[in-house]
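To keep things clear, I will list the structure first and then write my remarks on it.
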Amino acid sequence: RLARTPSGHDWVEPHQKDHPMKAMAQTAYGDPEVLTLTDVDDPTPGPDTVVIDVKAAGVNPVDWKLVAGYLQGAFPHFLPLVPGWDVAGVVSAVGPAVQEYAVGDEVIGYVRHDHMAANGAYAEKVSAHPRHLAPKPTSVDMAAASALPLAGLTALQSLRLAGVGEGDTVLVHAAAGGVGSFAVQIAVDLGATVIGTASESNHEYLRSLGATPVTYGDGLVERVRAIAPDGITASVDYVGTSEAIEASAELIADRSRSTSNVDPTAITEAGGRYCFVRPQADDLAHLSMLVDKGVLAIEVQQTFPLADAVKALRTNMEGHVRGKLALTVD
């Protein structure tokens, strides 16, 4: 169908409202079980946005927190709500001002909108601005690609905030998790020596990524000093416990080079800096390039069909996930 835009140009309307898509949506806040597979209107492209046919959606801790309503003080919320900020898929429609992408392009995205509504990635389709997107890495499948955006951007931007580079000794808290495993690999590629906290079962995994593993818990400072007698030069925290933040503060000479993406109050009171990940197309394209160069491996512990999003969120909430979880859309 063709419609006339305010400027008089023809604008293709690619979606019909009488063909709703499936999405995992909620009409109340609470446990993951408030999500149900339901019909919602297809998204349509705005003047400068695209529509993506979702092939996979990454699962992150922020997703179940969003479902529970914990982010209502940070963003405007509207029900019904579809969660999910990580996506991999194929562009199926473009707005008339979009120059970066065309129908058929395979993309990844950190699709975090300014308000939370029926616009998340736990769906068959999602709309996005080009600033959210980058070309999908060609060397991995859609499920792995969907696990990259939020966690990869968090790792990259927190390491940048800590000023990590050649010759640094970096302590990564929760190093075997989704964000931590990316941070280890990026820091190693930057020329840093990496020490990572993890449970004993993940120590060999961290060694395979290039880090020296240490067990978290009592005595962490002493264990790190046994590896790095002069302490550390930078720290990135993805767990947010007082133990992690206090250990970094004790081990580091310049506390401003200690970052956390979990608790802004705790990290700033300890002299460090809070990192809240931002959509950034150039950063996302850089991460995609690192994957295709073989620098950055993506660990996906388990995939779930879209209809099993509740199980995926429950698994994520239980913790101790190695790498990431992903939803696949048939």
Side-chain angles (χ1 to χ4, degrees), residues 134 137 139-140 144 147-198 202-216 220-221 223-239 244-245 247-261 267 271-278 280-299 322-324:
S139 58
V140 297
L148 178 64
L150 187 155
L153 288 170
T154 303
L156 181 65
Q157 292 173 10
S158 58
L159 289 167
R160 182 184 298 144
L161 187 62
V164 172
E166 183 78 30
D168 275 316
T169 299
V170 185
L171 177 60
V172 179
H173 293 283
V179 180
S181 59
F182 288 140
V184 167
Q185 296 174 82
I186 295 169
V188 168
D189 185 57
L190 290 170
T193 298
V194 181
I195 303 168
T197 69
N202 283 319
H203 282 197
E204 283 304 315
Y205 172 59
L206 288 188
R207 291 188 183 97
S208 75
L209 299 181
T212 299
V214 293
T215 305
Y216 45 75
L220 175 60
V221 170
R223 288 191 291 276
V224 173
R225 286 201 185 279
I227 300 166
D230 295 329
I232 59 175
T233 58
S235 173
V236 287
D237 163 50
Y238 308 121
V239 64
I245 292 173
S248 291
E250 188 172 343
L251 288 161
I252 200 167
D254 181 357
R255 292 187 178 185
S256 70
R257 298 190 65 194
S258 178
T259 72
S260 176
N261 76 321
I267 189 64
R273 305 166 87 180
Y274 177 61
C275 179
F276 187 74
V277 62
R278 296 177 178 178
Q280 173 51 254
D282 290 344
D283 283 353
L284 194 54
H286 178 71
L287 291 166
S288 185
M289 178 270 294
L290 290 179
V291 172
D292 282 337
K293 285 180 63 178
V295 170
L296 200 57
I298 303 172
E299 179 85 4
R322 177 184 291 186
K324 295 292 298 296

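I252 has its side chain within reach of R257: a pair of non-hydrogen atoms, C-beta onward, lies under 4.5 Å apart. Between L251 and V221, some side-chain heavy-atom pair lies under the 4.5 Å cut-off.
Listed here is the closest heavy atom pair of L153 and Q280: CD2-O, 4.1 Å. Of all the heavy atoms in V164 and A187, the pair that sits closest is CG1-CB, 4.4 Å. Residues S181 and G323 approach most closely at OG-CA, 4.4 Å, considering heavy atoms. Closest approach of A281 to A134, counting heavy atoms only: O-CB, 4.2 Å. Q157 and F276 get closest at one heavy-atom pair: OE1-O, 4.4 Å. Considering every non-hydrogen atom in both A174 and V239, the closest pair reads CB-CB, 4.1 Å.
To the nearest 0.5 Å, the span separating CZ on R255 from CD1 on I245 amounts to 11.5 Å. Separating the CG atom in N261 from the CZ atom in R273 is a distance of 15.0 Å, to the nearest 0.5 Å. Distance check: I195 CD1 to I227 CD1 gives 5.0 Å after rounding to the nearest 0.5 Å. Here the CD1-CG distance, from I186 to L209, works out to 11.5 Å after rounding to the nearest 0.5 Å. A distance of 12.0 Å separates OG1 of T193 from CD1 of I232, quoted to the nearest 0.5 Å. Here the OG atom belonging to S235 is positioned 11.5 Å from the CG atom belonging to D168, to the nearest 0.5 angstrom.
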* To do: Before giving the answer on side chain to side chain contact (heavy atoms under 4.5 Å, CB included), spell out for S258 and D237 the whole-Å C-alpha distance, their side-chain angles and the decisive distance to 0.1 Å.
  => CA-CA 8 Å; S258 178; D237 163 50; over 6 Å; no

* **F182 vs L148, side chain to side chain contact (heavy atoms under 4.5 Å, CB included): CA-CA, chis, key distance, verdict** => CA-CA 9 Å; F182 288 140; L148 178 64; 3.9 Å; yes

* To do: Could you check T197 against L171 for side chain to side chain contact (heavy atoms under 4.5 Å, CB included), going step by step and ending with a plain yes or no?
  => CA-CA 8 Å; T197 69; L171 177 60; 4.2 Å; yes

* Show your working on side chain to side chain contact (heavy atoms under 4.5 Å, CB included) between L290 and Q185 and close with a plain yes or no. => CA-CA 10 Å; L290 290 179; Q185 296 174 82; over 6 Å; no

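For R207, the CZ atom sits in a packed shell: over 12 heavy atoms of surrounding residues, nucleotides or ligands are nearer than 6.0 Å.
S158 and Y238 are linked by a side-chain donor-acceptor pair at a separation below 3.5 angstrom, with hydrogens and angles left out of the test.
When atom types are taken as modelled, the side chain of S208 and the backbone of Y205 share a donor-acceptor pair closer than 3.5 angstrom. With hydrogens and angles disregarded, no donor-acceptor distance shorter than 3.5 Å links the side chain of R322 to the backbone of E299. Judged by distance alone, with hydrogens and angles left aside, the side-chain atoms of T169 form no donor-acceptor pair with the main-chain N or O of T233 at under 3.5 Å.
Shown are V194, V170, V179; of these, the side chain to side chain contact (heavy atoms under 4.5 Å, CB included) with V184 is made only by V194.
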